[in-house]
Amino acid sequence: MDEKDEDLGVFDPNIPEEGPSAPPPGWLDDIHGYQGHKGGEDDNPLYPPPPAYNPQPELNRNTLVPNVRVPTVSEDVAREALIKFVESKWRYSSKPARNLTFKELKAITVYRYRLETYTETRTSAWQFEPYNGQTVDGPQYGVSPPPWDVQVMFPQRYTDQVEKVRVPHSSFVKLCHKCNGCGNTRCTSCFGRGQKRCTFCHGHGRSRNKRCTSCHGRGRKRCFSCHGRGFKTCSVCHGSQNLLHFILLTVTWKNNVENFIPDRQPEFPDKNFGKVSGDPFFVDENVLVYPIQGFPDQEICDVSSKMINDHLVRFTSTSRILQQRQTIELVPLTHAYYSYNGKDYSFFVYGMENKVFMAKYPSACTLL
């Protein structure tokens, strides 16, 4: 170490360097039922529910669906829907929509099958906060309940929600791993000296044979990062020297929704059905629902069986199934054929909202 380095300030070896931002592996105690934790910032184990927590399906059970009548759209409704559509498009004239002649209104049967599986998932992670004398709910008050025995308030069904709760009796106090219980850490900018070499005169005190105006000839300046102290208050414990560690349980409720509409209208894009609602003439809700049988559309029956089995396999391995709901909607779809000025055209009216889709329209405004 040269003389200029010694002039930079007094080094205090008792102030520790910064430690890791998260507790290193092995730093924390084991809590019964939560041994999946290995330490580290990304340690967030998932706890599949015990077998008794998930319902078991009954074998060879099915669900019957009532008959349904296909809705029809009148010429007045079809014309009104088309006029509303073309008036929302600046390049279309409403004249053809008002004066067209309908040739045929063809009602098309479109069923939308929806399966909802409402699940609960539980994960946990070690958390900590500065310890300032708050109550410590530790193992001395009892054994921590297993992840799926921790009591939580259930939200409204089919509502996505996340709740975080401290695991009872999982708390304990330890020295801060960042500052090793000192409350301060060595300043990394001045290396604990409180002063830094002047960057204008490079520590000489003079610049161009004149006294340096930046450091007033001292060759060093107070460290702005630590305000000349040589140390900073620990960023983890905020000077309290101790940390309160506890296990934080994260409970996630999620409604997993899957839809299916048979693709049988090559002229109509199926994605448009996602923008509209239908008539839910069949709703079946239970802890577990069962495949539909005897419905006129066999593809709906097949999809129902496949989806229900897929959801059962996919979600019971990681989550708890709380409720299921299967719905069959009749989504109105009418193919309207018409003529205008001696030429034939068509458009679709779809959904309970009577939205319109068309590939071609008779007349468009021309900008001069």
Side-chain angles (χ1 to χ4, degrees), residues 30-38 42-65 111-127 142-170 246-260 280 282-295 299-329:
D30 277 338
I31 300 294
H32 181 72
Y34 298 84
Q35 288 90 343
H37 292 280
K38 298 180 176 62
D42 299 324
D43 186 27
N44 196 24
L46 168 72
Y47 299 102
Y53 280 72
N54 259 322
Q56 298 300 313
E58 298 178 28
L59 296 176
N60 302 318
R61 182 172 167 180
N62 298 291
T63 302
L64 298 177
V65 180
Y111 298 116
R112 173 164 53 202
Y113 176 79
R114 175 182 293 119
L115 177 62
E116 300 169 83
T117 299
Y118 192 48
T119 59
E120 177 185 348
T121 308
R122 298 195 173 197
T123 61
S124 71
W126 278 108
Q127 298 289 317
V143 178
S144 294
W148 284 94
D149 287 351
V150 176
Q151 298 298 308
V152 293
M153 289 289 293
F154 283 86
Q156 184 178 348
R157 280 178 181 169
Y158 305 109
T159 302
D160 290 355
Q161 187 170 314
V162 176
E163 183 163 338
K164 296 179 182 292
V165 59
R166 293 191 186 192
V167 174
H169 317 320
S170 68
F246 54 89
I247 295 178
L248 190 67
L249 185 71
T250 300
V251 185
T252 304
W253 292 278
K254 181 174 177 57
N255 191 28
N256 304 274
V257 184
E258 196 168 354
N259 292 289
F260 172 79
F282 173 76
V283 179
D284 175 32
E285 184 173 351
N286 213 322
V287 177
L288 289 180
V289 295
Y290 293 88
I292 291 170
Q293 189 178 52
F295 189 63
E299 193 170 2
I300 294 294
C301 296
D302 295 341
V303 165
S304 167
S305 178
K306 181 179 184 302
M307 274 194 193
I308 289 172
N309 184 63
D310 287 350
H311 277 218
L312 198 61
V313 172
R314 188 193 322 166
F315 297 121
T316 54
S317 62
T318 59
S319 308
R320 176 186 181 186
I321 294 179
L322 300 175
Q323 194 84 357
Q324 284 188 313
R325 181 167 61 192
Q326 60 179 341
T327 308
I328 301 179
E329 287 180 304

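One-based numbering along the sequence shown. For the numbers below, each heavy atom of this structure counts, side chains included, while hydrogens, waters and symmetry mates do not. Owing to the predicted nature of the structure, the values given are computational and were not obtained by experimental measurement.
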Specify the closest pair of heavy atoms between [X] and [Y], including all atoms of both residues, with the distance to one decimal.
X      : Y      : answer
Arg122 : Val152 : NH2-CG2, 3.4 Å
Thr327 : Arg325 : OG1-CG, 4.1 Å
Pro168 : Ser144 : O-OG, 2.8 Å

**Report entry** Counterpart residues, ring pair (Phe, Tyr, Trp, His ring centres under 6.0 Å), relative to Phe260 (two or more places apart)
**Finding:**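 In terms of ring pair (Phe, Tyr, Trp, His ring centres under 6.0 Å), with neighbours along the sequence ignored, Phe260 is linked to no residue.
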
Query - Under the ring pair (Phe, Tyr, Trp, His ring centres under 6.0 Å) test, residues paired with His169 that sit two or more places apart - result: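 For His169 there are no ring pair (Phe, Tyr, Trp, His ring centres under 6.0 Å) partners, ignoring immediate neighbours.
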
Query raised in the report: Do the rings of Tyr158 and Tyr118 sit parallel, tilted or perpendicular, given the 30° and 60° boundaries?
Result: tilted

Report task. Give the intermediate values and the outcome of side-chain contact (heavy atoms from CB on, under 4.5 Å) for residues Lys254 and Thr121. Result -> CA-CA 8 Å; Lys254 181 174 177 57; Thr121 308; over 6 Å; no

Requested in this report: Determine whether the aromatic ring centres of Tyr111 and Phe295 lie less than 6.0 Å apart.
Outcome: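 Under 6.0 Å, so yes.
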
Query - Candidate pair Leu312 and Leu288, rule side-chain contact (heavy atoms from CB on, under 4.5 Å), full reasoning - result: CA-CA 9 Å; Leu312 198 61; Leu288 289 180; 3.9 Å; yes

Query raised in the report: Arg166 and Leu248: side-chain contact (heavy atoms from CB on, under 4.5 Å), yes or no, with the steps?
Result: CA-CA 5 Å; Arg166 293 191 186 192; Leu248 190 67; 4.2 Å; yes

Requested in this report: Name all pairs fulfilling the salt bridge (Lys or Arg N to Asp or Glu O under 4.0 Å) condition that reach into residues 303-320, sequence neighbours left out, sorted by first residue then second.
Outcome: Glu120-Arg320, Glu258-Arg314, Lys306-Asp310

Report task. Name all pairs fulfilling the salt bridge (Lys or Arg N to Asp or Glu O under 4.0 Å) condition that reach into residues 149-161, sequence neighbours left out, sorted by first residue then second. Result ->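 Non-adjacent pairs meeting salt bridge (Lys or Arg N to Asp or Glu O under 4.0 Å): zero.
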
Report task. Give the C-alpha distance, both sets of side-chain angles, the deciding distance and a yes or no for side-chain contact (heavy atoms from CB on, under 4.5 Å) between Val303 and Leu115. Result -> CA-CA 10 Å; Val303 165; Leu115 177 62; over 6 Å; no

Query raised in the report: Can you name the side-chain hydrogen bond (donor to acceptor under 3.5 Å, both in side chains) partners of Gln326, sequence neighbours left out?
Result: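 side-chain hydrogen bond (donor to acceptor under 3.5 Å, both in side chains) check on Gln326 returns Tyr113, Asp284, Ser304.
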
Report task. Report the residues that fulfil side chain to side chain contact (heavy atoms under 4.5 Å, CB included) with Asn309, sequence neighbours left out, ordered by chain and then residue number. Result -> Val313

